[in-house]
Amino acid sequence: CLAGSPGNAGDLFGASVSIDDEFAVVGRPGDETVFSPGKAHLYKLTTLNNGGTQWQYVGELNTTGLLSGDQFGFSVAIDGNWIVVGAPQADVGMPNIGDAGRVRIYQKIGNDFNLNLFQQLIAPTFQASDHFGWSVDVDSAAGVIVVGEPNAGPSIGKGEAHIYRFNGVNWVLEQTLAPTDNSNADLFGGFMHGRGVSVSGNTIVVGAAGDDIAAQEAGAAYVYEYNGVSWTCLEKFVPQNPVAGQQFGYSVDNVGTTLLVGDSDGLARVFENIAPDACNEPTDQLTPDFIFSGACGVGSNFEFNNNLDV
């Protein structure tokens, strides 16, 4: 059982969690300390004198510059040398545009992470309540970060996902992804506390839990591949026999082209070796290779590693 600084009811400690090797980061976006923008706690797995191991508390990631209620820690991701944390209710601009959202990046120096800010991201264009940073993911080896912004676009709730690449000095915007159809309220890139974006190597997966193409809010998932120049859509799909309100794409994760897609009913489906279809309509209904279920809402938030452990 992990714990950070003393907490209060409503702190939402554990609302987001990400683990990579010996490090774990835990979001606490509802932290009720006076004037708190939210918190993200870092832990390190250490070896004890008796040969056992234990998760030791390292500290809180720096939030200087954020304001009360920014929901810092709503989304977290860690991989290799980088930690990425979303603050989707942060204000942006002068005058402030409410809840446009920010993302903060922290770097590993040597064997440990620097808790101070490395870089902060905002969306290339923004308006009130876009919620940039609702979901985040990072692949350190590929040098890619993907950020979900579910309310962005020409209509509220359509959504966008932004891709950033590390150029050796800073993270720079590479491309913005958006749904392929013209429907509204797709929530492309994030929904509720789900993890709506994922990156692994040259493959990105984006959930659109509000997509209505198969049934009202049945949801969908998009798969993109990097061809060395740009990211192109390989496939948009829904599960077999989609039903209204299923919200498929609530959370997503991937190892290459092996995908894990959850819904709001507590199911997580594994799809292996997705075949490219250029996202042409009608949207494909794909049969999963495996299905996981659980009374505690398995499909709402998860992460798996290269061995496909949920």
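- At a threshold of 4.5 Å between non-hydrogen side-chain atoms, the residues V144 and W231 count as touching.
- Note: D211 CG to K158 NZ = 9.0 Å, rounded to the nearest 0.5 Å.
- Counting heavy atoms from C-beta on, the side chains of Y222 and P179 come closer than 4.5 Å.
- At least one cation-pi condition fails for R269 and F248: the charged atom is not both under 6.0 angstrom from the six-membered ring centre and inside a 45 degree cone around its axis.
- Across G73 and S16, no two heavy atoms sit closer than the pair O-OG, 2.6 Å.
- No close placement of the Y106 and F118 rings is indicated, their centers lying 6.0 Å or farther apart.
- A donor-acceptor pair is defined here as one N or O able to donate and one able to accept, closer than 3.5 Å; no such pair exists between the side chain of D265 and the backbone of L267.
- The aromatic rings of H162 and F132 sit tilted relative to each other, their planes meeting at an angle between 30° and 60°.
- For CG of N50, the number of neighbouring non-hydrogen atoms (other residues, nucleotides, ligands) closer than 6.0 Å is greater than 12.
- Pairing each heavy atom of A268 with each of L260, the nearest pair is CB-CD1, 3.9 Å.
- Residues V252 and N254 have side chains not in contact (no heavy-atom distance under 4.5 Å, counting atoms from C-beta outward).
- Residues V58 and V85 share a hydrophobic cluster, clusters being chains of Ile/Leu/Val/Met/Phe/Trp/Tyr side chains in contact below 4.5 Å.
- The 12-atom threshold is not exceeded at CG of N111, counting heavy atoms of other residues, nucleotides or ligands nearer than 6.0 Å.
- A heavy-atom distance below 4.5 Å is not found between the side chains of V76 and I78.
- Rounding to the nearest 0.5 Å gives a distance of 8.5 Å between CG of D21 and CG of D79.
- In the hydrophobic clustering of this structure, L66 groups with L115; members are Ile, Leu, Val, Met, Phe, Trp, Tyr whose side-chain heavy atoms approach within less than 4.5 Å, directly or through other members.
- Minimum heavy-atom separation, S264 to G245: OG-O, 3.6 Å.
- The CG atom of D253 lies 4.0 Å from the OG atom of S198; values are rounded to the nearest 0.5 Å.
- E160 approaches A178 most closely through the heavy-atom pair CG-CB, 4.4 Å.
- Checking side-chain atoms of D139 against main-chain N and O of G201 turns up a donor-acceptor pair under 3.5 Å.
- In this structure, F13 and Y43 have perpendicular ring planes: the angle between them is above 60°, well past the 30° mark.
- Side-chain contact check for L61 versus V25: some heavy-atom pair is nearer than 4.5 Å.
- To the nearest 0.5 Å, the span separating CG on L286 from CG on L259 amounts to 9.0 Å.
- Note on R102 versus D70: no salt bridge recorded, every NZ/NE/NH1/NH2 to OD/OE distance being 4.0 Å or above.
- There is no path of hydrophobic side-chain contacts, each under 4.5 Å, that joins I122 to V136.
- Two different hydrophobic clusters hold V172 and I105 under the rule that ILVMFWY side chains link at heavy-atom gaps under 4.5 Å.
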When you look at R165 and Y226, which way does the side chain to side chain contact (heavy atoms under 4.5 Å, CB included) test go after all the steps? CA-CA 12 Å; R165 190 175 293 274; Y226 186 64; 3.5 Å; yes
Working note: F292 + V270, criterion side chain to side chain contact (heavy atoms under 4.5 Å, CB included); need CA distance, chi angles, decisive distance, verdict. CA-CA 8 Å; F292 299 96; V270 176; 3.5 Å; yes
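- T257 is not listed as a side-chain neighbour of V223, based on a closest heavy-atom distance of 4.5 Å or more.
- The nearest pair of heavy atoms linking S200 to G256 is OG-N, 2.9 Å.
- Distance check: E149 CD to F126 CZ gives 9.5 Å after rounding to the nearest 0.5 Å.
- Contact check for D99 versus H131: side-chain heavy atoms found under the 4.5 Å cut-off.
- In terms of modelled atom types and a separation under 3.5 Å, the side chain of D20 and the main chain of F23 share no donor-acceptor contact.
- Side-chain N/O atoms of Q240 and Q285 include no donor and acceptor closer than 3.5 Å.
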Check the pair W82 / Q107 against side chain to side chain contact (heavy atoms under 4.5 Å, CB included), numbers first and verdict last. CA-CA 5 Å; W82 302 102; Q107 186 182 32; 3.5 Å; yes
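- Summarising the local packing, CD of E22 is surrounded by more than 12 heavy atoms from other residues, nucleotides or ligands at distances under 6.0 Å.
- Counting only distance, with no hydrogens or angles, the side chain of N96 and the backbone of G98 share no donor-acceptor pair below 3.5 Å.
- Atom-to-atom distance recorded for D31:CG and S68:OG is 9.5 Å, nearest 0.5 angstrom.
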Evaluate side chain to side chain contact (heavy atoms under 4.5 Å, CB included) for D137 paired with S135, printing each intermediate quantity in order. CA-CA 7 Å; D137 200 16; S135 54; over 6 Å; no
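- W55 is connected to V17 through a chain of hydrophobic side-chain contacts under 4.5 Å among Ile, Leu, Val, Met, Phe, Trp and Tyr, so both are in one cluster.
- The two residues Y164 and P124 come nearest to each other via the heavy atoms OH-CD, 4.1 Å.
- L117 is not listed as a side-chain neighbour of T64, based on a closest heavy-atom distance of 4.5 Å or more.
- With E60 contributing its side chain and K39 its backbone, the two residues share no donor-acceptor pair below 3.5 Å.
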